[in-house]
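Single-structure report; data block below.
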Amino acid sequence: MGVAVIKLKNPPVNSLSLEVLTEFVISLEKLENDKTFRGVIVTSDCPGIFSAGLDLTEMCGKSQAHYAEYWRAVQELWLRLYLSNLVLIAAINGVSPAGGCLMSLTCDYRVLADNPKYNMGLNETLLGIVAPSWFKDTLVNTVGHRTAERALQLGLLFPPAEALRVGMVDQVVPEDQVHSTALSVMAQWLAVPDHARQLTKNLMRKPTADRLVKQRDADIQYFLRFISRDSIQKSLRVYLDKLRQKKG
C-alpha cells in the first residue's frame, strides 16, 4: 500500500548527528519524490531507544561555522518532517527525550510501546539549555499551552500512560504490537484522498512552519550566541563527561 519504514540507526542511542540529520532528510526527500509511496513509519533500529535527541558533541567545542551548519540541518529536518505530504506515523519503540520527542511530535500520529522505561518529553532545561521557539510551538500544538508550559519549564519526561493522558501520543500498545498498530493506523489515514488530507495538513501546520522559515537566519544567529556562551559550553561538557563516565 505504498508504505515505507525509516529506521533510525546510530548506536548506541540514535543521537541526531549532522550525518544522521542529513541522511534522514535525503531519505525522506526520495520517498516524497517517488509517487509509489504515500506513508512512512518512523521507528528505531536500536532496542529500547527511539532517539536520545540532538548530538551534544556537535554543539560542544566546535567552530561557529560547524554550529551554524548543524543548526541549519536541525531546522531542515523539522521543516521537512512537519510539512511532509506523506502520512508520517511514529512507532516509538524506546525512550524518546528532547530531539527524539521533537521528531515524533512532527508525525501525524504516534504509537508508543507500553514500557514504563520509555519516557518521552522535551527535557532541555535539565541540561541547562532552552528548547527553541519552534520546539515549543510543536509541543503546544500537540498538548496545549498549559501542559506544554509546565513540561518545558520542568523538563518533564512522561512515561507511556502519562504521555497518553496529556495527548503527547495517540496510542500506547504492548511492545510487540507497535509496528502492526502503526500499519493499521496507516491504512485508516491512507483511506482519505491524498490531496484533501495534504491541503488540510498544510492549513493546520503552515503558520507554525512559516514562523521559522521567515526567521531561519535569525534563529541560527540566536543559537550561535547561545551555544557559544562559556556557561553553556561548560554545562554541555559536564553533561558529556557524566555520560562518558557512565559508559566507562
Side-chain angles (χ1 to χ4, degrees), residues 1-10 14 16 20-47 49-51 53 73-96 99-114 118 120 134 137-139 141-143 160 163-164 167-209 212:
M1 61 177 183
V3 177
V5 177
I6 297 182
K7 286 187 176 181
L8 291 162
K9 188 177 185 179
N10 185 22
N14 279 344
L16 302 172
V20 168
L21 293 172
T22 309
E23 280 181 14
F24 195 99
V25 167
I26 290 168
S27 303
L28 191 63
E29 208 169 3
K30 278 184 184 154
L31 293 170
E32 283 173 338
N33 292 332
D34 180 341
K35 293 304 167 217
T36 52
F37 290 103
R38 296 174 61 209
V40 177
I41 292 171
V42 180
T43 191
S44 162
D45 201 43
C46 300
I49 295 195
F50 180 73
S51 168
V74 176
Q75 291 177 338
E76 191 61 25
L77 177 81
W78 179 77
L79 286 166
R80 283 304 175 92
L81 282 167
Y82 200 62
L83 294 176
S84 178
N85 270 332
L86 297 162
V87 175
L88 299 177
I89 293 180
I92 308 163
N93 53 345
V95 292
S96 183
C101 177
L102 182 76
M103 274 184 90
S104 52
L105 290 175
T106 61
C107 293
D108 298 295
Y109 195 93
R110 285 163 287 285
V111 181
L112 175 59
D114 193 4
Y118 294 173
M120 63 185 294
W134 37 287
D137 290 342
T138 315
L139 186 60
N141 291 351
T142 310
V143 301
L164 183 65
M168 197 174 266
V169 295
D170 300 292
Q171 251 181 291
V172 170
V173 300
E175 205 153 344
D176 58 358
Q177 288 168 34
V178 172
H179 189 73
S180 57
T181 304
L183 278 173
S184 57
V185 169
M186 181 67 82
Q188 186 190 355
W189 283 70
L190 294 182
V192 178
D194 281 342
H195 63 282
R197 185 194 54 75
Q198 288 163 355
L199 286 167
T200 304
K201 179 175 182 173
N202 204 43
L203 204 62
M204 295 296 295
R205 294 188 170 201
K206 198 169 180 296
T208 302
L212 175 61

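Sequential numbering from 1 along the given sequence is applied to the chain's residues.
For Arg110 against Met168, the heavy-atom pair with the smallest separation is NE-O, 2.7 Å. In this structure, Cys46 and Asn14 approach most closely via the heavy-atom pair SG-OD1, 3.2 Å. Nearest heavy atom pair, residue Gly100 against residue Phe50, reads O-CE2, 3.5 Å. Among all heavy-atom pairs drawn from Leu77 and Met103, the shortest one is CD2-CG, 3.9 Å. Residues Met186 and Val40 share a closest heavy-atom pair of CE-N, 3.4 Å. Closest non-hydrogen pair, Leu86 versus Gly39, comes out as CD2-N, 4.0 Å.
With sequence neighbours left out, the side chain to side chain donor-acceptor pair (under 3.5 Å) criterion links Asp137 to Arg211. In this structure Ser84 satisfies the side chain to side chain donor-acceptor pair (under 3.5 Å) test together with Glu32, sequence neighbours excluded. With sequence neighbours excluded, no residue satisfies side chain to side chain contact (heavy atoms under 4.5 Å, CB included) with Leu199. Looking at residues two or more places apart in sequence or on another chain, you find a side chain to side chain donor-acceptor pair (under 3.5 Å) between Asn141 and Tyr82, Thr208. Residues meeting the side chain to side chain contact (heavy atoms under 4.5 Å, CB included) test with Pro174, sequence neighbours left out: Asp176, Gln177. Not counting sequence neighbours, Trp189 has no partner by the side chain to side chain donor-acceptor pair (under 3.5 Å) test. For Val95, the side chain to side chain contact (heavy atoms under 4.5 Å, CB included) partners at least two apart in sequence or on another chain are Ile49, Pro97, Tyr118. In this structure Asp194 satisfies the salt bridge (Lys or Arg N to Asp or Glu O under 4.0 Å) test together with Arg38, sequence neighbours excluded. With sequence neighbours excluded, the residues that form a side chain to side chain contact (heavy atoms under 4.5 Å, CB included) with Ala91 are Ile41, Thr43, Val178, Ala182.
Side chain of Asn85 to main chain of Gln198: no donor-acceptor pair is present (N/O by atom type, distance under 3.5 Å, no hydrogens or angles). Judged by distance alone, with hydrogens and angles left aside, the side-chain atoms of Gln171 form no donor-acceptor pair with the main-chain N or O of Val111 at under 3.5 Å.
Between Leu105 and Leu139 there is a side-chain heavy-atom pair separated by less than 4.5 Å. Between Leu88 and Tyr109, every side-chain heavy-atom pair lies at or beyond the 4.5 Å cut-off. Annotation: side chain of Thr22 is in contact with side chain of Ile26 (closest heavy-atom distance under 4.5 Å). By the 4.5 Å heavy-atom criterion applied to side chains, Ile89 and Val42 are not counted as neighbours. Side-chain contact between Pro160 and Val172: present, with at least one pair of heavy atoms (C-beta onward) separated by less than 4.5 Å. Val169 is listed as a side-chain neighbour of Met120, based on a closest heavy-atom distance under 4.5 Å. Leu190 is listed as a side-chain neighbour of Val87, based on a closest heavy-atom distance under 4.5 Å. In this structure the side chain of Val74 never reaches within 4.5 angstrom of the side chain of Leu16, judged on heavy atoms.
Annotation: salt bridge (Lys or Arg N to Asp or Glu O under 4.0 Å) contacts involving residues 77-93, sequence neighbours excluded, comprise Glu29-Arg80, Glu76-Arg80. Residue pairs that meet the salt bridge (Lys or Arg N to Asp or Glu O under 4.0 Å) test with at least one member in residues 196-206, sequence neighbours left out, are Asp108-Lys201, Asp108-Arg205, Lys206-Asp210.
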Which is it for Thr138 and Trp78 under the side-chain contact (heavy atoms from CB on, under 4.5 Å) test, yes or no, and what are the steps along the way?
-> CA-CA 10 Å; Thr138 315; Trp78 179 77; 3.0 Å; yes

N/O donor-acceptor pairs under 3.5 Å from side chains in residues 2-10, not counting sequence neighbours:
residue	atom	partner	partner atom	Å
Asn10	ND2	Ser15	O	2.8

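A distance of 11.0 Å separates CD1 of Ile92 from OG of Ser51, quoted to the nearest 0.5 Å.
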